[in-house]
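Working notes for the structure below.
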Amino acid sequence: MLIDVGARNLKLFAIPWSLETSEYMLYAMTFLGAPWVLRENGHIAIELAVERLPPRARARARLAADAVGAAVCAILFVYACRLLWRSYASGVIVQKSVVFPEWIEFSIVPPVMLLLCGIYLRRLLWPHLARPPAEP
Amino acid sequence: MAWYEILALLIGTLVAFMALGVPVVFAFFATNLIGAYVFMGGDAGVLQLMRNSVDAVQSFALAPIPLFIFMGEVMFHTGVASRAIDAVDRLIARLPGRLALVAITGGTIFSALSGSTIANTAMLGSTLLPEMYRRGYHSSIAVGPIVAVGGLAMLIPPSALAVLLGSVAGIPIGELLVASILPALILAALFFGYVILRCSLSPHLAPSYDVAALSWRERLMPFVKYVLPLMAIFVVVVGSIIGGIATPTESAALGAAAAVAAAAAYRRLTWSSFRVALRQTLQFTVMTLFIICGSVSFSQIMAFTQASSGLSDLVTGSGLSPTLVLLGMLGILLFLGCFMDQVSMMMITAPLFMPVVQQFGFHLVWFGVLMLMLLEIGLATPPFGLLLFVAKGASPETSMREIIVSVAPFIALALCVVALLIVFPQITLLLPRLMGS
């Protein structure tokens, strides 16, 4: 990006793929980093109401929240697989500066959703292995 | 189903999941799964949701977010920022509430180098709070300025959340970044004046102490050496946007490279500090951008079911004056800020507010700055204001009640600036117009 700005302003050359590459990197970083952030308890949650519950009800609410998370990720995993398969079967090609089959773009999502679901299931089944909630 | 029933169902489901403690991103995903399945044609709707989530963050406009955060984290973890604070500390001599003034000045300077409110508050808290307490400062004059000025990083470019707001609300990002500068400086000046006034009226809040007698050269040199070169980074970032040399993303890349170069030039860049800065940046960026992936379909479901246009038509047809509508929207933001994080607030309110803003013909950049101001205030409003917890982390011995009481006058001052910007929109629009010409 820095070379692109410098070279463009000096009217030397332009790097047309720098923009697209940044976009794909942003996407890959977000999805691939999501399971790590969940494992570190880094995804922001509003625990205001839950923290005011008595200990037993609080534990149940946390279990319910983890169950919701696991269910959501499981459903998203199924749909991500279907989206990937559809894209692969239809043979759609992304025609930008960089040309590639569209299914490559979607291939990141199913393993990420599976990992997220796995982290939630581990919390539900073996809560003693989970990290304590992060300080806000 | 009528639009208002759909709106109540979607917002109600989202709030219920959030209240249960489900992370914000998964609360959005869960609500959108239900909304897409029920209102957007079953399977086809959910597949569209998946596609939207993948496309959501493939946007060049969002690229400044990690870069702006990285700038602040590098400055913080390499210790370059605390050196700059030391330099400001030498510059300010015998004024009432001296250390609080150092916090405000240093925090404003650091805001111009960092896109992270958390890094700003944590840096000021860890650097100045122990010294303030050692000097006998009362918590009301020690914590308040740090939390208040910590939030300025959200207004003064480089601001990661301004980029996000511009992106989700369709406000020109470059103009929004530049427009926030003057309101932020007014805010900082008011904080400065308030501390002087309060400490002059009640000197026991900040006992004066002997400051080492230094010559003007000894006072000025650290500022010239450790602060002025850093301000060049701000000039690079903002100047390249105003001058049209670079897009906000490219200026962010220039800023990030300049921050690393500055840390290296001061011989403070170590592999471990670089790694910590990178890790913190990655965590914040992934958390923020993943919420966008989860919530992007929320606005589309709202639009598809005509919930957002229904609400917009209702407000437009109600006969309420534009000022009242504006105050209503800002009031909702103020209320949400007590319970919700800034990204969720943006993702929920932008799809509902922006059609209303367009119907009433409010200036997009002006409204964007007002929204940023309210989001900034939300960082410090109890009980969930994020910076209150950051301050608590930096000063565990201070009770949460003391922190909240100390922040209250600064929230009032910020609301005064909001009123000023409503009455005089030209304050906000001066710099973007300069940029346009």
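By convention in this document, chain letters (A, B, ...) are assigned in the order of the sequence lines, proteins followed by strands, and residues within each chain are numbered from 1.
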Problem set entry | Proximity breakdown for B/Ile291 and chain A, heavy-atom pairs closer than 4.5 Å | side chain
For this session: Find the one option among A/Ser22, A/Ala65, A/Ala49 whose heavy-atom pairs under 4.5 Å with chain B are most numerous.
Result: A/Ala65
Exercise. Looking only at heavy atoms, what is the nearest atom pair of A/Gly42 and B/Met287, with distance?
Worked result: O-CG, 3.4 Å
For this session: Using a 4.5 Å cut-off on heavy atoms from C-beta on, say whether the side chain of A/Leu76 contacts that of B/Leu33.
Result: yes
Problem set entry | Engaged part of B/Tyr37 at the chain A interface, taking heavy atoms whose separation is under 4.5 Å | side chain
Exercise. Between B/Phe284 and chain A, which part of the residue has a heavy atom less than 4.5 Å away: side chain, backbone, both or neither?
Worked result: neither
Exercise. For the atom pair CD1 (A/Ile44) and CG (B/Leu386), what is the distance rounded to the nearest 0.5 Å?
Worked result: 5.5 Å
Seminar exercise, completed: Hits for side-chain hydrogen bond (donor to acceptor under 3.5 Å, both in side chains) against B/Thr349, two or more places apart or cross-chain, chain-then-number order -> none
Exercise. Does the side chain of B/Pro23 reach to within under 4.5 Å of the side chain of A/Ile46, using non-hydrogen atoms?
Worked result: no
Exercise. Can you name the closest pair of heavy atoms from A/Ala34 and B/Val286 and give their distance?
Worked result: N-CG1, 3.5 Å
Problem set entry | Residue part contacting chain A, namely of B/Leu49, when any heavy atom lies under 4.5 Å | side chain
Exercise. When rounded to the nearest 0.5 angstrom, what distance separates CG in A/Leu19 from OG1 in B/Thr249?
Worked result: 8.0 Å
Exercise. Would you find more than 12 non-hydrogen atoms of other residues, nucleotides or ligands less than 6.0 Å from B/Phe335 atom CZ?
Worked result: no
Seminar exercise, completed: Comparing B/Ile292, B/Asp55, B/Ile118, B/Leu282 against chain A, the one with the most heavy-atom pairs below 4.5 Å turns out to be B/Leu282
Problem set entry | Side chain / backbone / both / neither for A/Leu38 at chain B, heavy atoms under 4.5 Å | side chain
Exercise. Once you round to the nearest 0.5 Å, how far does CG of A/Asn41 lie from CD of B/Gln283?
Worked result: 9.5 Å
Exercise. Can you tell which of B/Leu20, B/Val22, B/Leu289 has the highest number of heavy-atom pairs within less than 4.5 Å of chain A?
Worked result: B/Leu20
For this session: Could you tell me which portion of A/Leu53 (side chain, backbone, both or neither) has an atom closer than 4.5 angstrom to a non-hydrogen atom of chain B?
Result: neither
For this session: State plainly whether the residues B/Arg51 and A/Glu105 are in salt-bridge range, i.e. N to O under 4.0 Å.
Result: no
Problem set entry | Separation of B/Gln48 CD from A/Tyr79 OH (nearest 0.5 Å) | 13.5 Å
Problem set entry | Residue selection (most heavy-atom pairs with chain B, distance under 4.5 Å) from A/His43, A/Arg86, A/Arg82, A/Glu23 | A/Glu23
Exercise. What class does the angle between the rings of A/Tyr120 and B/Phe26 fall in, given that below 30° is parallel, 30 to 60° is tilted and above 60° is perpendicular?
Worked result: perpendicular
Problem set entry | When B/Ile65, B/Ile245, B/Val25 are compared by non-hydrogen pairs under 4.5 Å with chain A, the top option | B/Ile245
Exercise. Quick one: what part of B/Leu47 sits under 4.5 Å from any heavy atom of chain A, side chain, backbone, both or neither?
Worked result: both
For this session: Name the region of A/Ile75, side chain, backbone, both or neither, that has any atom closer than 4.5 Å to a heavy atom of chain B.
Result: side chain
Problem set entry | Contacting moiety of A/Val109, where chain B heavy atoms sit under 4.5 Å | side chain
For this session: Name the region of B/Asp43, side chain, backbone, both or neither, that has any atom closer than 4.5 Å to a heavy atom of chain A.
Result: both
For this session: Supply the atom-to-atom distance A/Thr30 OG1 to B/Phe290 CZ, rounded to the nearest 0.5 angstrom.
Result: 8.5 Å
Exercise. Which bit of B/Ser59 is near chain A, if near means a heavy-atom gap under 4.5 Å: side chain, backbone, both or neither?
Worked result: backbone
Seminar exercise, completed: To the nearest 0.5 Å, atom OH of A/Tyr27 lies from atom CG of B/Leu62 at 14.5 Å
For this session: Tell me, out of B/Ala256, B/Ala246, B/Ser240, B/Cys293, who's got the most heavy-atom pairs with chain A below 4.5 Å.
Result: B/Cys293
